[in-house]
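Below: the structure, in C-alpha coordinates.
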2 protein chains.
Amino acid sequence: MTTRLTATTHLLLGMIGVKGRRTGYEIKRLVDVSTRFFWAASPGQIYPELKRLEDAGLLTRSPQPQGGRQRNVYTVTDEGEQVLHQWLTAGDASTFEFRNEGLLKLFFADALTLEEQIEVVRAMRAQNEAALDGIRKATPPFRPDRKFGYITWRYGLDLHGWVVDWCKQLESDLIEGRTPLQAEGTDLDAERTR
Amino acid sequence: MTTRLTATTHLLLGMIGVKGRRTGYEIKRLVDVSTRFFWAASPGQIYPELKRLEDAGLLTRSPQPQGGRQRNVYTVTDEGEQVLHQWLTAGDASTFEFRNEGLLKLFFADALTLEEQIEVVRAMRAQNEAALDGIRKATPPFRPDRKFGYITWRYGLDLHGWVVDWCKQLESDLIEGRTPLQAEGTDLDAERTR
DNA sequence: ATACTCATGTAAGCTGTTACATGATTCT
DNA sequence: AGAATCATGTAACAGCTTACATGAGTAT
(Lines give C-alpha, C1' and ligand atoms only; values in the text may rest on other atoms or scores of the structure.)
Protein backbone atom coordinates (compact mmCIF):
# COMPACT_ATOMS: atom_id res chain seq x y z
CA MET A 1 0.00 0.00 0.00
CA THR A 2 1.82 3.07 -1.18
CA THR A 3 0.08 6.34 -0.44
CA ARG A 4 1.37 9.84 -0.15
CA LEU A 5 1.92 10.48 3.56
CA THR A 6 1.91 14.08 4.70
CA ALA A 7 2.04 15.48 8.22
CA THR A 8 -1.70 16.04 7.97
CA THR A 9 -2.11 12.32 7.32
CA HIS A 10 -0.31 11.68 10.59
CA LEU A 11 -2.35 14.33 12.36
CA LEU A 12 -5.52 12.41 11.52
CA LEU A 13 -3.96 9.05 12.31
CA GLY A 14 -2.80 10.38 15.67
CA MET A 15 -6.10 12.02 16.51
CA ILE A 16 -7.98 8.79 15.83
CA GLY A 17 -5.35 6.30 17.02
CA VAL A 18 -4.04 7.97 20.16
CA LYS A 19 -7.24 9.68 21.15
CA GLY A 20 -9.67 6.87 20.24
CA ARG A 21 -12.35 6.65 17.57
CA ARG A 22 -13.36 9.90 16.04
CA THR A 23 -15.49 11.62 13.42
CA GLY A 24 -14.17 14.31 11.07
CA TYR A 25 -16.11 16.90 12.99
CA GLU A 26 -14.67 15.84 16.34
CA ILE A 27 -11.16 15.96 14.90
CA LYS A 28 -11.76 19.45 13.58
CA ARG A 29 -12.91 20.66 16.97
CA LEU A 30 -10.06 19.00 18.82
CA VAL A 31 -7.50 20.42 16.39
CA ASP A 32 -8.93 23.91 16.92
CA VAL A 33 -8.18 23.84 20.64
CA SER A 34 -4.93 21.87 20.62
CA THR A 35 -2.62 21.37 17.65
CA ARG A 36 -3.95 24.45 15.86
CA PHE A 37 -1.15 26.47 17.40
CA PHE A 38 1.51 24.42 15.63
CA TRP A 39 -0.45 22.41 13.06
CA ALA A 40 -3.80 23.65 11.74
CA ALA A 41 -6.30 21.75 9.59
CA SER A 42 -9.47 22.91 7.83
CA PRO A 43 -12.58 20.83 7.07
CA GLY A 44 -11.84 21.14 3.37
CA GLN A 45 -8.71 19.18 4.12
CA ILE A 46 -9.89 16.76 6.78
CA TYR A 47 -12.86 15.16 5.03
CA PRO A 48 -11.17 14.32 1.72
CA GLU A 49 -8.12 13.08 3.62
CA LEU A 50 -10.21 10.73 5.78
CA LYS A 51 -11.65 9.18 2.62
CA ARG A 52 -8.23 8.89 1.09
CA LEU A 53 -6.87 7.12 4.17
CA GLU A 54 -9.83 4.75 4.18
CA ASP A 55 -9.10 3.86 0.55
CA ALA A 56 -5.45 3.35 1.48
CA GLY A 57 -6.42 0.90 4.22
CA LEU A 58 -5.12 2.99 7.12
CA LEU A 59 -8.56 3.81 8.50
CA THR A 60 -11.87 1.97 8.76
CA ARG A 61 -15.11 3.82 8.47
CA SER A 62 -18.31 2.75 10.18
CA PRO A 63 -21.43 4.83 9.55
CA GLN A 64 -23.17 5.59 12.81
CA PRO A 65 -25.96 8.05 12.07
CA GLN A 66 -27.61 9.76 15.01
CA GLY A 67 -31.25 9.92 14.10
CA GLY A 68 -31.44 11.16 10.54
CA ARG A 69 -28.10 12.92 10.87
CA GLN A 70 -25.26 11.22 9.08
CA ARG A 71 -22.08 10.45 10.97
CA ASN A 72 -18.92 8.52 10.11
CA VAL A 73 -16.81 7.11 12.92
CA TYR A 74 -13.25 6.17 12.00
CA THR A 75 -10.87 3.66 13.54
CA VAL A 76 -7.18 3.10 12.81
CA THR A 77 -6.30 -0.24 11.18
CA ASP A 78 -3.25 -2.32 12.14
CA GLU A 79 -1.49 -0.92 9.12
CA GLY A 80 -2.48 2.60 10.13
CA GLU A 81 -1.08 1.97 13.59
CA GLN A 82 2.22 0.87 12.06
CA VAL A 83 2.39 3.97 9.87
CA LEU A 84 1.69 6.18 12.88
CA HIS A 85 4.35 4.53 15.04
CA GLN A 86 6.82 4.59 12.18
CA TRP A 87 6.32 8.33 11.76
CA LEU A 88 6.58 9.01 15.49
CA THR A 89 9.88 7.16 15.86
CA ALA A 90 11.54 8.01 12.54
CA GLY A 91 14.23 10.57 13.26
CA ASP A 92 14.09 12.18 9.81
CA ALA A 93 13.82 15.92 9.45
CA SER A 94 10.27 17.08 9.91
CA THR A 95 8.73 20.20 8.39
CA PHE A 96 9.37 23.33 10.31
CA GLU A 97 7.78 26.45 8.91
CA PHE A 98 7.49 29.87 10.28
CA ARG A 99 5.95 32.93 8.64
CA ASN A 100 5.78 36.09 10.66
CA GLU A 101 4.76 39.25 8.84
CA GLY A 102 5.27 41.35 11.98
CA LEU A 103 8.91 40.34 12.07
CA LEU A 104 9.18 41.21 8.38
CA LYS A 105 7.94 44.71 9.13
CA LEU A 106 10.45 44.99 11.94
CA PHE A 107 13.18 43.96 9.51
CA PHE A 108 12.36 46.99 7.34
CA ALA A 109 11.72 49.38 10.24
CA ASP A 110 14.89 51.40 9.62
CA ALA A 111 12.86 53.38 7.08
CA LEU A 112 10.45 54.57 9.79
CA THR A 113 10.40 57.30 12.44
CA LEU A 114 10.97 56.29 16.05
CA GLU A 115 7.26 56.60 16.84
CA GLU A 116 6.36 54.36 13.92
CA GLN A 117 9.03 51.86 14.91
CA ILE A 118 7.57 51.61 18.39
CA GLU A 119 4.13 51.05 16.86
CA VAL A 120 5.48 48.11 14.84
CA VAL A 121 6.83 46.51 18.00
CA ARG A 122 3.58 47.15 19.84
CA ALA A 123 1.55 45.53 17.04
CA MET A 124 3.84 42.52 17.19
CA ARG A 125 3.37 42.27 20.93
CA ALA A 126 -0.42 42.59 20.61
CA GLN A 127 -0.48 39.72 18.16
CA ASN A 128 1.50 37.48 20.47
CA GLU A 129 -0.68 38.44 23.39
CA ALA A 130 -3.72 37.46 21.35
CA ALA A 131 -2.11 34.11 20.52
CA LEU A 132 -1.30 33.67 24.20
CA ASP A 133 -4.94 34.30 25.05
CA GLY A 134 -6.14 31.75 22.52
CA ILE A 135 -3.83 29.10 23.94
CA ARG A 136 -4.72 29.96 27.51
CA LYS A 137 -8.43 29.52 26.79
CA ALA A 138 -7.79 26.09 25.28
CA THR A 139 -6.63 24.75 28.64
CA PRO A 140 -6.39 20.96 28.37
CA PRO A 141 -7.52 18.85 31.32
CA PHE A 142 -4.40 17.46 32.95
CA ARG A 143 -4.47 13.68 32.82
CA PRO A 144 -1.37 11.72 33.85
CA ASP A 145 -1.84 9.31 30.93
CA ARG A 146 -2.07 12.17 28.43
CA LYS A 147 0.65 14.42 29.67
CA PHE A 148 2.08 15.38 26.27
CA GLY A 149 -1.04 17.30 25.36
CA TYR A 150 -0.32 19.35 28.44
CA ILE A 151 3.38 19.70 27.64
CA THR A 152 2.79 21.05 24.13
CA TRP A 153 0.14 23.40 25.53
CA ARG A 154 2.71 24.74 28.02
CA TYR A 155 5.19 25.08 25.18
CA GLY A 156 2.86 27.45 23.34
CA LEU A 157 2.17 29.40 26.48
CA ASP A 158 5.83 29.72 27.48
CA LEU A 159 7.05 30.50 23.97
CA HIS A 160 4.57 33.28 23.31
CA GLY A 161 5.18 34.59 26.81
CA TRP A 162 8.86 34.81 25.98
CA VAL A 163 8.13 36.70 22.76
CA VAL A 164 5.86 39.17 24.58
CA ASP A 165 8.67 39.86 27.04
CA TRP A 166 11.10 40.29 24.18
CA CYS A 167 8.80 42.86 22.58
CA LYS A 168 8.40 44.74 25.86
CA GLN A 169 12.16 44.91 26.26
CA LEU A 170 12.68 46.17 22.72
CA GLU A 171 9.91 48.71 23.20
CA SER A 172 11.50 50.23 26.28
CA ASP A 173 14.96 50.13 24.68
CA LEU A 174 13.62 52.14 21.77
CA ILE A 175 11.78 54.62 23.98
CA GLU A 176 14.77 55.24 26.18
CA GLY A 177 17.10 55.58 23.24
CA ARG A 178 19.25 52.60 24.10
CA THR A 179 20.81 50.75 21.18
CA PRO A 180 18.47 47.80 21.31
CA LEU A 181 19.67 44.35 22.11
CA GLN A 182 23.25 45.12 21.37
CA ALA A 183 25.72 42.64 22.76
CA GLU A 184 28.91 43.89 24.39
CA GLY A 185 32.05 44.01 22.29
CA THR A 186 32.12 41.42 19.56
CA ASP A 187 30.60 38.63 21.63
CA LEU A 188 27.48 38.30 19.51
CA ASP A 189 26.60 34.88 20.88
CA ALA A 190 26.47 35.91 24.52
CA GLU A 191 23.21 35.50 26.35
CA ARG A 192 21.12 38.59 26.23
CA THR A 193 20.73 40.24 29.59
CA ARG A 194 17.17 41.22 30.31
CA MET B 1 -4.00 50.99 -9.28
CA THR B 2 -5.56 47.97 -7.65
CA THR B 3 -3.31 44.98 -7.37
CA ARG B 4 -3.33 42.05 -5.02
CA LEU B 5 -0.85 42.89 -2.28
CA THR B 6 0.62 39.96 -0.39
CA ALA B 7 3.35 39.94 2.22
CA THR B 8 5.71 38.74 -0.51
CA THR B 9 4.87 41.89 -2.47
CA HIS B 10 6.01 43.91 0.52
CA LEU B 11 9.08 41.75 0.96
CA LEU B 12 10.24 42.72 -2.54
CA LEU B 13 9.25 46.36 -2.10
CA GLY B 14 11.18 46.49 1.17
CA MET B 15 14.22 44.72 -0.22
CA ILE B 16 14.46 47.17 -3.11
CA GLY B 17 13.30 50.29 -1.27
CA VAL B 18 14.84 49.91 2.16
CA LYS B 19 17.75 47.57 1.54
CA GLY B 20 18.68 48.91 -1.87
CA ARG B 21 18.84 45.47 -3.42
CA ARG B 22 18.03 45.73 -7.04
CA THR B 23 18.00 42.53 -9.10
CA GLY B 24 15.88 39.43 -8.47
CA TYR B 25 19.01 37.42 -7.94
CA GLU B 26 20.35 39.80 -5.30
CA ILE B 27 17.03 39.75 -3.49
CA LYS B 28 17.00 35.97 -3.49
CA ARG B 29 20.46 35.83 -1.97
CA LEU B 30 19.71 38.40 0.69
CA VAL B 31 16.45 36.68 1.62
CA ASP B 32 18.33 33.41 2.07
CA VAL B 33 20.57 34.87 4.76
CA SER B 34 18.11 37.19 6.46
CA THR B 35 14.32 37.03 6.26
CA ARG B 36 14.37 33.35 5.31
CA PHE B 37 14.01 32.48 8.98
CA PHE B 38 10.65 34.19 9.20
CA TRP B 39 9.72 34.84 5.57
CA ALA B 40 11.10 32.69 2.77
CA ALA B 41 10.85 33.30 -0.97
CA SER B 42 11.82 31.11 -3.93
CA PRO B 43 12.96 32.29 -7.37
CA GLY B 44 9.79 30.82 -8.86
CA GLN B 45 7.96 33.37 -6.78
CA ILE B 46 10.30 36.35 -6.97
CA TYR B 47 10.69 36.75 -10.72
CA PRO B 48 7.00 36.64 -11.69
CA GLU B 49 6.18 38.94 -8.77
CA LEU B 50 8.76 41.51 -9.88
CA LYS B 51 7.12 41.59 -13.31
CA ARG B 52 3.69 41.88 -11.76
CA LEU B 53 4.79 44.81 -9.60
CA GLU B 54 6.33 46.53 -12.60
CA ASP B 55 3.01 46.17 -14.46
CA ALA B 56 1.23 47.56 -11.41
CA GLY B 57 3.48 50.62 -11.41
CA LEU B 58 5.11 49.94 -8.05
CA LEU B 59 8.53 49.13 -9.52
CA THR B 60 10.54 50.39 -12.47
CA ARG B 61 12.77 48.03 -14.40
CA SER B 62 15.91 49.10 -16.18
CA PRO B 63 17.87 46.44 -18.08
CA GLN B 64 21.55 46.65 -17.21
CA PRO B 65 23.28 43.64 -18.80
CA GLN B 66 26.82 42.88 -17.71
CA GLY B 67 28.60 41.85 -20.87
CA GLY B 68 26.30 39.41 -22.64
CA ARG B 69 24.66 38.44 -19.36
CA GLN B 70 21.17 39.81 -18.92
CA ARG B 71 20.34 41.71 -15.76
CA ASN B 72 17.28 43.67 -14.63
CA VAL B 73 17.71 46.34 -11.99
CA TYR B 74 14.57 47.44 -10.19
CA THR B 75 13.72 50.67 -8.41
CA VAL B 76 10.71 51.52 -6.26
CA THR B 77 8.36 54.17 -7.71
CA ASP B 78 6.71 56.89 -5.62
CA GLU B 79 3.57 54.82 -5.56
CA GLY B 80 5.56 51.77 -4.49
CA GLU B 81 7.10 53.81 -1.70
CA GLN B 82 3.64 54.81 -0.52
CA VAL B 83 2.41 51.22 -0.56
CA LEU B 84 5.47 50.11 1.41
CA HIS B 85 5.07 52.81 4.05
CA GLN B 86 1.34 52.15 4.26
CA TRP B 87 1.98 48.47 4.94
CA LEU B 88 4.69 49.19 7.52
CA THR B 89 2.51 51.56 9.52
CA ALA B 90 -0.89 49.89 9.14
CA GLY B 91 -1.69 48.21 12.42
CA ASP B 92 -3.87 45.50 10.91
CA ALA B 93 -3.34 41.88 11.81
CA SER B 94 -0.48 40.40 9.84
CA THR B 95 -0.11 36.75 8.91
CA PHE B 96 1.41 34.64 11.57
CA GLU B 97 1.91 31.00 10.68
CA PHE B 98 3.68 28.27 12.44
CA ARG B 99 3.95 24.62 11.41
CA ASN B 100 6.07 22.38 13.53
CA GLU B 101 5.92 18.67 12.82
CA GLY B 102 8.24 17.90 15.74
CA LEU B 103 5.77 19.49 18.12
CA LEU B 104 3.00 17.44 16.53
CA LYS B 105 4.94 14.27 17.25
CA LEU B 106 5.43 15.41 20.82
CA PHE B 107 1.68 15.95 21.10
CA PHE B 108 1.11 12.27 20.29
CA ALA B 109 4.06 10.97 22.31
CA ASP B 110 1.87 9.42 25.01
CA ALA B 111 1.63 6.36 22.75
CA LEU B 112 5.41 5.81 22.94
CA THR B 113 7.85 4.21 25.37
CA LEU B 114 10.00 6.51 27.50
CA GLU B 115 13.04 5.88 25.31
CA GLU B 116 11.09 6.76 22.20
CA GLN B 117 9.67 9.87 23.86
CA ILE B 118 13.18 11.07 24.69
CA GLU B 119 14.17 10.48 21.07
CA VAL B 120 11.34 12.72 19.88
CA VAL B 121 12.55 15.52 22.14
CA ARG B 122 16.13 15.04 21.00
CA ALA B 123 15.10 15.22 17.35
CA MET B 124 13.25 18.42 18.08
CA ARG B 125 16.26 19.88 19.78
CA ALA B 126 18.55 18.86 16.92
CA GLN B 127 16.32 20.64 14.47
CA ASN B 128 16.37 23.85 16.47
CA GLU B 129 20.12 23.62 16.88
CA ALA B 130 20.42 23.31 13.12
CA ALA B 131 18.23 26.39 12.67
CA LEU B 132 20.34 28.20 15.24
CA ASP B 133 23.46 27.31 13.28
CA GLY B 134 21.95 28.59 10.05
CA ILE B 135 21.07 31.91 11.66
CA ARG B 136 24.44 32.22 13.35
CA LYS B 137 26.25 31.76 10.05
CA ALA B 138 24.16 34.50 8.47
CA THR B 139 25.69 37.11 10.79
CA PRO B 140 24.69 40.53 9.49
CA PRO B 141 27.22 43.35 9.59
CA PHE B 142 26.16 45.71 12.34
CA ARG B 143 25.51 49.16 10.94
CA PRO B 144 23.95 51.81 13.17
CA ASP B 145 21.70 53.00 10.32
CA ARG B 146 20.43 49.47 9.68
CA LYS B 147 19.96 48.21 13.17
CA PHE B 148 16.67 46.37 12.59
CA GLY B 149 18.34 43.74 10.44
CA TYR B 150 20.50 43.06 13.44
CA ILE B 151 17.53 43.07 15.83
CA THR B 152 15.56 40.48 13.86
CA TRP B 153 18.70 38.38 13.53
CA ARG B 154 19.08 38.42 17.31
CA TYR B 155 15.43 37.51 17.62
CA GLY B 156 15.97 34.31 15.67
CA LEU B 157 19.06 33.50 17.64
CA ASP B 158 17.46 34.15 21.04
CA LEU B 159 14.21 32.42 20.18
CA HIS B 160 15.78 29.21 18.94
CA GLY B 161 18.18 29.32 21.86
CA TRP B 162 15.21 29.42 24.18
CA VAL B 163 13.62 26.43 22.44
CA VAL B 164 16.84 24.43 22.65
CA ASP B 165 16.96 25.11 26.40
CA TRP B 166 13.33 24.10 26.71
CA CYS B 167 14.05 20.79 24.98
CA LYS B 168 17.06 20.14 27.22
CA GLN B 169 14.94 20.75 30.30
CA LEU B 170 12.18 18.43 29.08
CA GLU B 171 14.73 15.80 28.18
CA SER B 172 16.24 15.72 31.64
CA ASP B 173 12.81 15.83 33.26
CA LEU B 174 11.83 12.73 31.30
CA ILE B 175 15.08 10.91 32.05
CA GLU B 176 14.87 11.59 35.76
CA GLY B 177 11.21 10.63 35.92
CA ARG B 178 9.96 14.05 36.94
CA THR B 179 6.51 14.98 35.79
CA PRO B 180 7.65 17.37 33.12
CA LEU B 181 6.87 21.03 33.29
CA GLN B 182 4.11 20.62 35.79
CA ALA B 183 3.10 23.77 37.56
CA GLU B 184 2.48 23.66 41.30
CA GLY B 185 -1.12 23.39 42.44
CA THR B 186 -3.57 24.94 40.03
CA ASP B 187 -1.39 27.90 39.15
CA LEU B 188 -1.01 27.00 35.50
CA ASP B 189 0.09 30.47 34.45
CA ALA B 190 3.02 30.72 36.84
CA GLU B 191 6.44 31.18 35.34
CA ARG B 192 8.15 27.91 34.79
CA THR B 193 11.15 27.44 37.05
CA ARG B 194 14.15 26.25 35.12
C1' DA C 1 37.99 21.54 -19.38
C1' DT C 2 34.84 21.81 -16.14
C1' DA C 3 32.68 23.37 -12.42
C1' DC C 4 30.69 27.09 -10.15
C1' DT C 5 28.36 31.48 -9.81
C1' DC C 6 25.46 35.03 -11.93
C1' DA C 7 21.02 35.73 -13.81
C1' DT C 8 16.26 34.98 -15.39
C1' DG C 9 12.62 32.56 -16.04
C1' DT C 10 8.64 28.62 -16.76
C1' DA C 11 5.64 24.54 -15.81
C1' DA C 12 3.76 21.27 -12.97
C1' DG C 13 2.12 20.16 -8.91
C1' DC C 14 1.12 20.14 -3.92
C1' DT C 15 -1.00 21.96 0.20
C1' DG C 16 -4.07 24.45 2.14
C1' DT C 17 -7.81 28.04 2.76
C1' DT C 18 -12.30 30.26 1.89
C1' DA C 19 -16.65 30.11 0.86
C1' DC C 20 -20.35 27.75 -0.01
C1' DA C 21 -24.04 23.93 0.00
C1' DT C 22 -26.84 20.62 2.33
C1' DG C 23 -29.56 18.93 5.92
C1' DA C 24 -30.59 17.20 10.67
C1' DT C 25 -30.92 18.10 15.61
C1' DT C 26 -30.92 20.75 19.78
C1' DC C 27 -31.32 24.85 22.43
C1' DT C 28 -33.71 29.20 23.74
C1' DA D 1 -39.91 30.08 15.45
C1' DG D 2 -35.40 30.89 14.93
C1' DA D 3 -30.61 30.37 16.10
C1' DA D 4 -26.92 27.58 17.05
C1' DT D 5 -24.67 23.29 16.68
C1' DC D 6 -23.74 18.76 14.57
C1' DA D 7 -22.08 16.75 10.47
C1' DT D 8 -20.25 16.09 5.80
C1' DG D 9 -18.76 17.58 1.88
C1' DT D 10 -17.27 20.35 -2.77
C1' DA D 11 -15.32 24.00 -5.87
C1' DA D 12 -12.44 27.60 -6.67
C1' DC D 13 -8.52 29.63 -5.84
C1' DA D 14 -4.14 31.36 -3.58
C1' DG D 15 0.44 30.66 -2.53
C1' DC D 16 4.40 28.38 -2.70
C1' DT D 17 7.96 24.71 -3.94
C1' DT D 18 10.46 21.77 -7.03
C1' DA D 19 12.46 20.86 -10.90
C1' DC D 20 13.85 22.20 -14.94
C1' DA D 21 15.69 25.15 -18.93
C1' DT D 22 18.72 28.58 -20.71
C1' DG D 23 22.90 30.86 -21.19
C1' DA D 24 26.90 33.97 -19.94
C1' DG D 25 30.91 34.87 -17.16
C1' DT D 26 34.56 33.39 -13.75
C1' DA D 27 37.55 30.57 -11.11
C1' DT D 28 40.44 26.27 -10.72
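Chain naming here is simple, since letters A, B, ... match the order of the sequence lines and numbering starts at 1 in each.
The interatomic distance linking B:Arg71 (CZ) with C:dG9 (P) rounds to 13 Å, in whole Å. Between the CD atom of B:Glu49 and the C1' atom of C:dG9 there is a distance of 15 Å, given to the nearest Å. What separates CG of B:Leu53 from P of C:dG9 is a distance of 13 Å, to the nearest Å. Rounding to whole angstrom units, CG of residue B:Asp32 and P of D:dT17 are separated by 10 Å. In this entry the distance linking CZ of B:Arg52 with P of D:dG15 reads 9 Å, nearest Å. B:His10 places its NE2 atom 12 Å from the P atom of D:dG15, with the value rounded to the nearest Å. Remark: P of C:dT8 and CG of B:Leu12 are 13 Å apart, rounded to the nearest angstrom. Atoms CD (A:Gln70) and P (C:dT25) sit 12 Å apart, rounded to a whole Å.
Minimum heavy-atom separation, B:Lys19 to A:Phe107: CE-CE2, 3.5 Å. Nearest approach of B:Leu132 to B:Gly161, heavy atoms of both residues: CD1-N, 3.8 Å. For the residue pair A:Gly149 and B:Asp110, the shortest heavy atom distance occurs at N-OD2, 4.1 Å. Closest approach of B:Ile27 to B:Ile46, counting heavy atoms only: CG2-CD1, 4.3 Å.
Judged purely by distance below 3.5 Å, without hydrogens or angles, the side chains of A:Asp173 and A:Gln169 pair a donor atom with an acceptor atom. Residues A:Thr8 and A:Gln45 bring a donor and an acceptor atom of their side chains to less than 3.5 Å of each other.
The line from CZ of B:Phe96 to CZ of A:Arg99 is 13.5 Å long, rounded to the nearest 0.5 Å.
The same ILVMFWY cluster, assembled from side-chain heavy atoms under 4.5 Å apart, contains both A:Val18 and A:Val31.
Here B:Arg29 lies in heavy-atom contact (under 4.0 Å) with sugar-phosphate atoms only.
Salt bridge annotation for A:Glu129-A:Arg125: present, with a cationic side-chain nitrogen under 4.0 angstrom from a carboxylate oxygen.
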Map every base of DNA chain D to its dot-bracket character, where paired means a Watson-Crick or G-U wobble contact with both distances under 3.5 Å and | marks a partner outside the strand. ||||||||||||||||||||||||||||

Could you go step by step and tell me if B:Met124 and B:Trp166 meet the side chain to side chain contact (heavy atoms under 4.5 Å, CB included) rule? CA-CA 10 Å; B:Met124 206 176 135; B:Trp166 187 90; 4.1 Å; yes

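Between the B:Glu119 side chain and the A:Thr89 main chain, no donor and acceptor come within less than 3.5 Å of each other.
Comparing C:dT25, D:dG25, D:dT8 by their nearest atom to the side chain of A:Arg69 picks out C:dT25. For A:Lys51, counting side-chain heavy atoms from C-beta on, the closest listed nucleotide (D:dA24, D:dT10, D:dA7) is D:dT10.
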Return a single string for nucleotides 15-20 of chain C, one symbol per nucleotide in 5' to 3' order, where B is base contact, S is sugar-phosphate-only contact and - is none, cutoff 4.0 angstrom on heavy atoms. SSBB--

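Against DNA chain D, the stretch residues 16-28 of chain B makes no heavy-atom approach under 4.0 Å.
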